[in-house]
Structure formats: C-alpha cells, structure tokens
Amino acid sequence: DTGVSQNPRHKITKRGQNVTFRCDPISEHNRLYWYRQTLGQGPEFLTYFQNEAQLEKSRLLSDRFSAERPKGSFSTLEIQRTEQGDSAMYLCASSLRDGTDTQYFGPGTRLTVL
Amino acid sequence: AQRVTQPEKLLSVFKGAPVELKCNYSYSGSPELFWYVQYSRQRLQLLLRHISRESIKGFTADLNKGETSFHLKKPFAQEEDSAMYYCAPHNDMRFGAGTRLTVKP
C-alpha cells in the first residue's frame with residue numbers, strides 16, 4: 001500500500017465544464033475527507049465520509065459540488081459548471097477511526113479553470 | 001465549534017536559534033490537537049499529536065489550558081525544518097491557516 005492516491009494530479013478545464021476527481025484511500029481506513037487549498041491558505045474542509053455515509057458537508061460546498069463514496073472505498077468529487085474561483089488544490093485524506101484519527105493525505109489534484 | 005488560530009503567517013529564524021510556532025484554540029472541553037507539516041513539494045503529513053506527548057524531529061508541543069495554546073517548539077532550528085506548519089483539532093477538520101517557517105543558514 002503506497003498511501004492515499006489521487007487522480008488526476010493536474011486538471012485544466014474551461015469555465016462551465018464539469019470535472020471529476022478520484023481519491024483512493026489507504027485500504028483499511030474507514031474515514032475519507034476532501035479539502036480545498038488555495039495559495040497561502042490552510043486546507044479548507046469540504047466534506048467527509050465514514051464508510052459510504054457522507055457525515056458532514058461544509059457550507060463551502062455549493063450545490064455544484066458533489067462527492068460520493070459508493071462502496072466505502074474510493075471516492076469521487078465532481079464539480080459541475082466550473083468557475084474560475086474553483087481553481088485550487090483539492091486534497092483527499094483518509095483515517096482509521098481508532099481513537100487517533102490521524103489523517104493521511106494524498107498528493108492533491110490541482111485544478112485550473114480558464 | 002472548535003477553532004484554532006495561528007497568528008503568524010510567516011516566521012523566519014536563523015539556523016540553531018529556538019523556534020516557537022503559535023497555535024491558540026477556542027473551544028471548551030478537553031481539546032486534542034495535532035500539528036501537521038508540509039515540506040516543499042511533499043504531501044501534508046502528521047508531525048505530532050498532543051495526546052502522545054512525543055518529540056518528533058526535535059519538536060515538542062505542550063497543551064496549556066490556562067492560555068488555551070498548543071505552541072510548537074524546537075530549541076535549535078535546522079534548515080530542513082523550513083516548511084508550512086498547520087495546527088488542527090482532533091476529530092474536527094478545521095485546520096489553522098498555517099505558518100510558513102523559514103530557517104536561514
């Protein structure tokens with residue numbers, strides 16, 4: 001297991017297009033998180049799952065954003081009708097709910113909306 | 001809601017000098033806090049968590065309930081410590097804004 005992986009690593013799209021990112025967590029981890037990070041800022045929480053259940057969504061997550069984790073393993077984050085303000089690094093992390101909840105982060109997907 | 005504040009966006013020290021990165025929290029109960037670090041071109045990773053009271057790479061952090069702080073300290077900074085440091089509460093996903101530490105030779 002090489003840790004949390006994210007695909008693609010980079011995505012350039014035109015305004016108005018839809019994009020989908022994938023996150024593969026560490027295999028035994030039951031929690032999965034999505035964050036957005038812009039230059040000079042800390043990770044901003046978007047949403048998280050415990051197994052396949054989406055337990056919390058930030059109010060940052062507009063209705064253009066949707067996330068799924070259908071089988072409790074990998075997750076996808078879709079952004080519909082992208083806007084230039086969506087340009088950011090999208091980070092995924094996973095953790096094992098064992099009392100420590102240490103999050104292990106993926107490398108991120110850098111989205112550029114032209 | 002649990003909140004952490006990192007008042008310094010930038011911190012610069014010389015190699016061998018002591019360094020302290022500040023984190024203040026503002027919630028009740030028994031806080032459990034983490035420090036995460038992101039080195040250049042690497043992914044965000046856990047540095048240490050207060051419940052384990054460990055020292056990692058020479059860094060320590062003590063929870064001060066009186067001052068509601070969880071400052072990260074190292075007595076002698078090294079150039080390889082240059083990175084972004086984030087304070088975060090356990091079981092809550094609201095990271096601090098981060099402090100960029102630069103250790104000059």
Side-chain angles (χ1 to χ4, degrees), chain A residues 1-7 9-10 21 23-26 29-50 54-61 67 75 77 88-110, chain B residues 1-12 21-27 29-54 56 61 63 70 72 83-102:
Chain A
D1 194 330
T2 56
V4 179
S5 62
Q6 292 186 246
N7 287 287
R9 295 292 305 276
H10 304 274
F21 309 141
C23 171
D24 287 272
I26 293 171
H29 284 185
N30 48 13
R31 284 194 165 184
L32 187 148
Y33 312 79
W34 284 100
Y35 295 87
R36 180 173 65 190
Q37 187 174 28
T38 53
L39 197 62
Q41 301 296 318
E44 294 177 290
F45 168 73
L46 294 178
T47 188
Y48 92 96
F49 294 83
Q50 182 157 306
Q54 188 172 19
L55 294 189
E56 188 173 346
K57 289 171 60 173
S58 164
R59 50 193 171 82
L60 291 174
L61 210 67
S75 175
L77 177 69
M89 178 73 86
Y90 289 85
L91 298 174
C92 175
S94 69
S95 72
L96 182 64
R97 183 162 169 74
D98 63 350
T100 64
D101 278 317
T102 299
Q103 294 187 45
Y104 294 83
F105 282 82
T109 294
R110 182 169 294 285
Chain B
Q2 300 177 346
R3 287 289 181 269
V4 294
T5 305
Q6 294 180 251
E8 301 150 325
K9 290 188 77 71
L10 302 170
L11 182 62
S12 181
L21 295 99
K22 293 183 169 55
C23 172
N24 295 96
Y25 64 89
S26 58
Y27 51 95
S30 299
E32 296 182 40
L33 294 155
F34 294 73
W35 277 99
Y36 283 81
V37 62
Q38 188 167 27
Y39 301 103
S40 179
R41 290 185 292 278
Q42 293 187 27
R43 60 184 72 186
L44 198 58
Q45 60 187 287
L46 178 71
L47 179 62
L48 57 80
R49 44 183 184 255
H50 100 274
I51 54 172
S52 59
R53 303 188 64 80
E54 57 202 343
I56 303 293
L63 188 67
F70 186 57
L72 184 68
M84 282 295 298
Y85 291 81
Y86 297 98
C87 182
H90 170 249
N91 222 21
D92 187 300
M93 287 61 74
R94 277 73 178 177
F95 280 66
T99 298
R100 178 173 296 283
L101 172 66
T102 301

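Any value given below was found using the heavy atoms of this structure, including those in side chains, with hydrogens, waters and symmetry copies removed.
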How far apart are the closest heavy atoms of A:Pro43 and B:Tyr86, and which atoms are they?
->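 Smallest heavy-atom distance, with atoms named: CD-CE2, 3.8 Å.
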
Please name all residues satisfying side-chain contact (heavy atoms from CB on, under 4.5 Å) with A:Ser95, sequence neighbours left out, ordered by chain then number.
->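 By the side-chain contact (heavy atoms from CB on, under 4.5 Å) rule, A:Ser95 matches A:Arg31, A:Tyr33, A:Asp101, A:Gln103.
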
How many angstroms lie between CE in B:Met84 and CD in A:Gln41, if you round to the nearest 0.5 Å?
->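 If we round to the nearest 0.5 Å, B:Met84:CE and A:Gln41:CD are 9.0 Å apart.
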
Gap separating the CZ atom of A:Phe105 from the OH atom of B:Tyr36, nearest 0.5 angstrom | 6.0 Å

Kindly check if the number of other-residue, nucleotide or ligand heavy atoms within 6.0 Å of CZ (B:Arg43) is above 12?
-> yes

Using a cut-off of 6.0 Å, state whether more than 12 heavy atoms not belonging to A:Leu55 lie near its atom CG.
->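 Yes, CG of A:Leu55 has more than 12 neighbouring heavy atoms, counting only those of other groups under 6.0 Å.
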
Chi angles and distances behind the side-chain contact (heavy atoms from CB on, under 4.5 Å) call for A:Gln37, B:Gln38 = CA-CA 13 Å; A:Gln37 187 174 28; B:Gln38 188 167 27; 4.0 Å; yes

Using non-hydrogen atoms only, which part of A:Glu56 is less than 4.5 Å away from chain B: side chain, backbone, both, or neither?
-> side chain

At a heavy-atom separation under 4.5 Å, does B:Gln42 approach chain A through its side chain, its backbone, both, or neither?
->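 For B:Gln42, neither part sits under 4.5 Å from chain A.
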
